[in-house]
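Input: a single structure, listed below in structure tokens.
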Amino acid sequence: MATLKAVRGTRDLLPPETALWNRVEATARAVFARYGFGEIRTPIFETTELFARGVGEETDIVSKEMYTWEDRGRADSDKGQSLTLRPENTAGVVRAYIEHGLADSGLLQKLFYIGPQFRRERPQRGRYRQFWQIGAEVLGPAWSGSDSALRDAEVLEMLATFLDELGVKGWRLALNSVGSSTDRPRYVEALKAALAPVKAGMCENCQRRAETNPLRVLDCKEAEDQATIDALPKIADYLDDASREHFALVKAALDACGVAYVVEPRLVRGLDYYTRTTFEFTVPDGSGLGTQNALLGGGRYDGLSEMLGGPKAPGIGFAIGEDRLILTLQAQAGEAAEKKLDVFIAPMGVARNAEALRLAQELRRAGLSVEVGDGFFRLKKSFEAADKLARRMIILGEDEVASGILTVKDFAAGEQTKVPRSELAAVLRG
RNA sequence: GCGGCUAUAGUUCAGUGGCAGAACGCCGCUCUGUGGCAGCGGAUGUCGUGGGUUCGAACCCCACUAGCCGCCCCA
């Protein structure tokens, strides 16, 4: 019989790696809490329509990467509705914001989420079909200040803090403004017009993009095309006064907080809902990500709530690729020091097993991490096992039980000491 | 979705048509309460899966699957 395997693009996460995942998530929760964010958990699947309207029919995500199926109807005559595994979480959060009337509080909503997302792409290092995102959204009615540049800067400053606290080295923040929902179409038209006479001289990709998605021409890395691209209209020249002012305020606030950034007029993002500020954090080559070097991305989405049938609720948010963050931390840390248990108890002979378990119970209740060996192990085997698992080993044999004085071996120090049982927990904690 | 590379022991890999290998790791013994060193011994395995060519296939051919790299795109 063929052995069963995790499906392509999905994977199991095992110890000790999961300890790193927990550290990343705990750091996110701790940092986000300091900025007033609360956790939201939305369903893993939603109606297909939510993503079609929210993310955009024409995006790659919606047009070819979603896991979509038709749910069973309630009766033969019913047609089941089309459902989709969420490919991102912002649309779900905004849907929940509308559905639960969170606008009515009049307050700014600051929500974060941690969870798996699903996209049917070709798997690659740093890109999986089930991948994890840690994200956050700040949104609310305009009178809550949700459209203020202060919020953009606060979110970016929080991200910088988060990455620093985790110890991510060499991150780079790329920043741009793609303008309001009226600026962007004007710019795209100008871009098309400017591309028409020159695109024939560009690479194949660009010729295609000039038709399908002119903004992405700006992303081209082909050396020969760079001069042509530099001569194209700049988005900055198409921003209305309000958008220009907004962008200037974001930059000024970042400067005041000492958050380094690079303005990249060519930074365009693939989701339809972005307006004004867009950003991306990347890590340098050699950080374990190959070409998928974007650790996280995000931006402002002032019109998303209305696109989903809700009230006007400007917002800004981001999504961190947790898988990529983990890969980066692993690559940058090299071989992480293995976390060892406080102590390993080695009973001498199976007759000592029950006593060993009782001692383990006592020490565990005292807050120590403990593994218990088995009396059928020879002492040599106990030493070998203990050295791999724990920092210390307690020998529990006839002498020790009789005298109440235990033998404790410290592997790092290479020292062996006698400790009265009553003092054991205190000594091991020290 | 497209192109390229790869798949052999737990791991890293060698083996390019003729007995399935090395290193590390693992297990045992030397050594029944003192490991890490050493010596000796042992097990490593559907050679990714399924077909084909051949007297004979890990090796050549085809298909499939998976991983990696690049593209597309994105986190």
Side-chain angles (χ1 to χ4, degrees), chain A residues 1-11 55 58-65 86-90 114-135 159 203-206 208-209 212-213 215-216 219-222 267-271 274 278-283 289-299 317-328 344 346-350 352 373 375-390 392-401 406-409 411-412 414-416:
Chain A
M1 203 180 336
T3 44
L4 298 170
K5 297 164 61 179
V7 309
R8 185 163 160 84
T10 71
R11 58 197 184 132
V55 179
E58 300 309 316
T59 61
D60 279 22
I61 291 175
V62 172
S63 65
K64 56 189 194 196
E65 295 174 1
R86 63 186 187 197
E88 58 96 59
N89 218 328
T90 299
I114 299 176
Q117 319 294 335
F118 306 85
R119 290 181 201 170
R120 198 180 183 292
E121 294 180 275
R122 179 95 158 226
Q124 204 176 108
R125 185 175 191 78
R127 192 170 69 190
Y128 308 97
R129 289 180 171 182
Q130 174 175 335
F131 60 102
W132 291 70
Q133 286 189 333
I134 300 175
L159 285 166
C203 72
E204 265 181 54
N205 264 333
C206 285
R208 184 173 43 76
R209 286 158 160 172
T212 59
N213 192 348
L215 284 174
R216 296 225 67 91
D219 249 2
C220 178
K221 284 143 200 133
E222 206 64 48
L267 177 70
V268 288
R269 317 216 81 256
L271 279 57
Y274 284 121
T278 59
F279 57 86
E280 195 171 272
F281 282 72
T282 56
V283 285
L289 293 184
T291 48
Q292 310 297 325
N293 69 341
L295 262 194
L296 70 94
F318 60 84
I320 302 167
E322 191 175 4
D323 305 76
R324 293 183 182 179
L325 186 53
I326 298 278
L327 286 170
T328 299
F344 181 98
M348 299 303 302
V350 291
R352 299 280 98 74
F376 84 79
F377 290 168
R378 291 173 45 191
L379 189 60
K380 170 177 167 136
K381 186 180 164 108
S382 290
F383 267 106
E384 288 170 348
D387 198 13
K388 280 177 200 159
L389 286 173
R392 284 166 299 212
M393 178 169 119
I394 296 171
I395 298 173
L396 187 68
E398 209 167 343
D399 300 348
E400 284 80 3
V401 172
L406 300 168
T407 305
V408 178
K409 174 87 172 194
F411 292 116
E415 284 169 4
Q416 192 162 304

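Quick caveat, the model's predicted, so the values are computed rather than measured. Below, each value reflects all heavy atoms present in this structure, side chains not excepted, and no hydrogens, waters or symmetry copies. Residue numbering restarts at 1 for every chain, and letters A, B, ... go by the order of the sequence lines.
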Students often get this wrong, so: under 4.0 angstrom with heavy atoms, is Gly298(A) touching a base, only sugar-phosphate, or nothing?
nothing
Heavy-atom closest pair (Phe318(A) atom, Ile134(A) atom, distance to 0.1 Å) is CE1-O, 3.9 Å
Minimum-distance nucleotide (side-chain atoms of Asp60(A) versus rA75(B), rC72(B), rU34(B))
rC72(B)
Given rG33(B), rC72(B), rG28(B), which nucleotide is nearest the side-chain atoms of Glu398(A)?
rG33(B)
Assign each of Glu88(A) and Ala6(A) to its nearest nucleotide of RNA chain B by heavy atoms, then name whichever residue's nucleotide is nearer the 5' end.
Ala6(A)
Please name the pair of heavy atoms, one in Ser382(A) and one in Phe377(A), separated by the smallest distance, quoted to 0.1 Å.
OG-CB, 3.6 Å
Base, sugar-phosphate, or nothing: which does Glu384(A) touch, judged by heavy atoms less than 4.0 Å apart?
sugar-phosphate
Name the closest nucleotide to the Lys381(A) side chain, picking from rU34(B), rC27(B), rG33(B).
rC27(B)
Look only at the side chain of Arg324(A) and the backbone of Leu295(A), and say whether a donor-acceptor pair between them is shorter than 3.5 Å.
no
On a whole-Å scale, what distance lies between the C1' atoms belonging to rC26(B) and rA43(B)?
9 Å
Respond yes when some side-chain nitrogen or oxygen of Gln124(A) is under 4.0 Å from OP1 or OP2 of rG67(B), and no when none is.
no
Can you tell me, in whole Å, how much space there is between the C1' of rC2(B) and that of rA57(B)?
32 Å
By the 4.0 Å heavy-atom rule, please label Gly297(A) as base, sugar-phosphate, or nothing.
sugar-phosphate
Who does rC29(B) pair with, Watson-Crick or G-U, both distances under 3.5 Å?
rG39(B)
Would you say Arg378(A) reaches rC29(B)'s phosphate, i.e. side-chain N/O to OP1/OP2 under 4.0 Å?
yes
Contact class for Phe377(A) (heavy atom, under 4.0 Å): base, sugar-phosphate, or nothing?
nothing
Does rC26(B) have its OP1 or OP2 closer than 4.0 Å to a side-chain nitrogen or oxygen of Lys388(A)?
yes
Which part of the nucleic acid does Glu322(A) contact within heavy-atom distance under 4.0 Å: base, sugar-phosphate only, or nothing?
nothing
As its Watson-Crick or G-U partner within any shown strand, both distances under 3.5 Å, rA20(B) has none
Taking atom P in both rU65(B) and rC24(B), compute the distance separating them and give it to the nearest angstrom.
39 Å
Using the C1' atoms only, state how far rG4(B) lies from rG39(B), rounded to an integer number of Å.
49 Å
Determine the interatomic distance between C1' on rA38(B) and the same-named atom on rU16(B); round to the nearest Å.
39 Å
Tell me: CG of Leu215(A) to P of rC74(B), nearest whole Å?
11 Å
Return the pairing partner of rU65(B) with a 3.5 Å limit on both distances, Watson-Crick or G-U wobble; otherwise return none.
rA7(B)
Spacing of the C1' atoms in rA58(B) and rU54(B) (rounded, Å)
15 Å
At under 4.0 Å between heavy atoms, what does Gly9(A) touch on the DNA or RNA strands: base, sugar-phosphate, or nothing?
sugar-phosphate
Could you give the CZ-to-P distance, from Phe376(A) to rG28(B), as a whole number of Å?
9 Å
In whole angstroms, the gap separating P of rG1(B) from CZ of Arg122(A) amounts to 8 Å
Is the phosphate of rC73(B), meaning OP1 or OP2, less than 4.0 Å from a side-chain N or O of Arg127(A)?
no
Starting from C1' on rU34(B), measure out to CZ on Arg392(A) and report it in whole angstrom.
18 Å
Atom-to-atom span, NZ of Lys380(A) to C1' of rC26(B) - whole angstrom:
13 Å
In the strands shown, is rU54(B) matched to any nucleotide by a Watson-Crick or G-U wobble pair with both distances under 3.5 Å, and which?
none
So CD of Gln416(A) and CZ of Phe411(A): to nearest 0.5 Å the spacing works out to 9.5 Å
Shortest non-hydrogen pair, Tyr128(A) vs Phe131(A), comes out as O-CD2, 3.4 Å
Side-chain N or O of Arg8(A) versus OP1/OP2 of rU65(B): is the shortest distance under 4.0 Å?
no
Pair assignment for rC73(B), Watson-Crick or G-U wobble, requiring both distances under 3.5 Å
none
Sugar-phosphate only, base, or nothing, as touched by Leu295(A) at under 4.0 Å among non-hydrogen atoms:
sugar-phosphate
Verify the contact: side-chain N or O of Arg216(A) to OP1 or OP2 of rC74(B), cut-off strictly under 4.0 Å; return yes or no.
yes
Looking at every strand, decide which applies to Phe411(A) at a 4.0 Å heavy-atom threshold: base, sugar-phosphate, or nothing.
base
On a plain distance test, is the side chain of Arg125(A) in donor-acceptor contact with the base of rG70(B) below 3.5 Å?
no
In whole angstroms, how far is the P atom of rA75(B) from the CZ atom of Arg11(A)?
17 Å
When the P atoms of rG45(B) and rC37(B) are compared, how many Å lie between them, rounded to an integer?
25 Å
Taking atom P in both rG56(B) and rC64(B), compute the distance separating them and give it to the nearest angstrom.
26 Å
Quick check on rA75(B): is either OP1 or OP2 less than 4.0 Å from any side-chain nitrogen or oxygen of Arg324(A)?
no
Aromatic-base stack, Phe131(A) on rA75(B), cutoff 5.5 Å, angle under 30
yes
Can you tell me the distance, in whole Å, between the CG atom of Asp399(A) and the P atom of rU34(B)?
12 Å
Classify Leu296(A) by what it touches in the nucleic acid, base, sugar-phosphate, or nothing, heavy-atom distance under 4.0 Å.
sugar-phosphate
Indicate yes or no: at least one non-hydrogen side-chain atom of Arg129(A) is less than 4.5 angstrom from one of Glu65(A).
no
For a quick check, tell me whether the side chain of Glu400(A) and the base of rG33(B) share a donor-acceptor pair closer than 3.5 Å.
yes
Taking all non-hydrogen atoms of both residues, which atom of Trp132(A) and which atom of Asp323(A) are closest, and how far apart?
N-OD1, 2.7 Å
Roughly how many Å is it from CZ in Phe383(A) to C1' in rG33(B), rounded to a whole number?
9 Å
Considering just the side-chain nitrogens and oxygens of Arg120(A), establish if one lies under 4.0 Å of OP1 or OP2 belonging to rG1(B).
yes
Apply the test side chain to side chain contact (heavy atoms under 4.5 Å, CB included) to residues Arg352(A) and Glu398(A): give CA-CA distance (whole Å), side-chain angles for both, the deciding distance (0.1 Å), then the verdict.
CA-CA 8 Å; Arg352(A) 299 280 98 74; Glu398(A) 209 167 343; 4.1 Å; yes
Of the candidates rC74(B), rU34(B), rC73(B), the side chain of Glu65(A) sits closest to rC73(B)
Does some side-chain heavy atom of Met393(A) sit less than 4.5 Å from a side-chain heavy atom of Leu379(A)?
yes
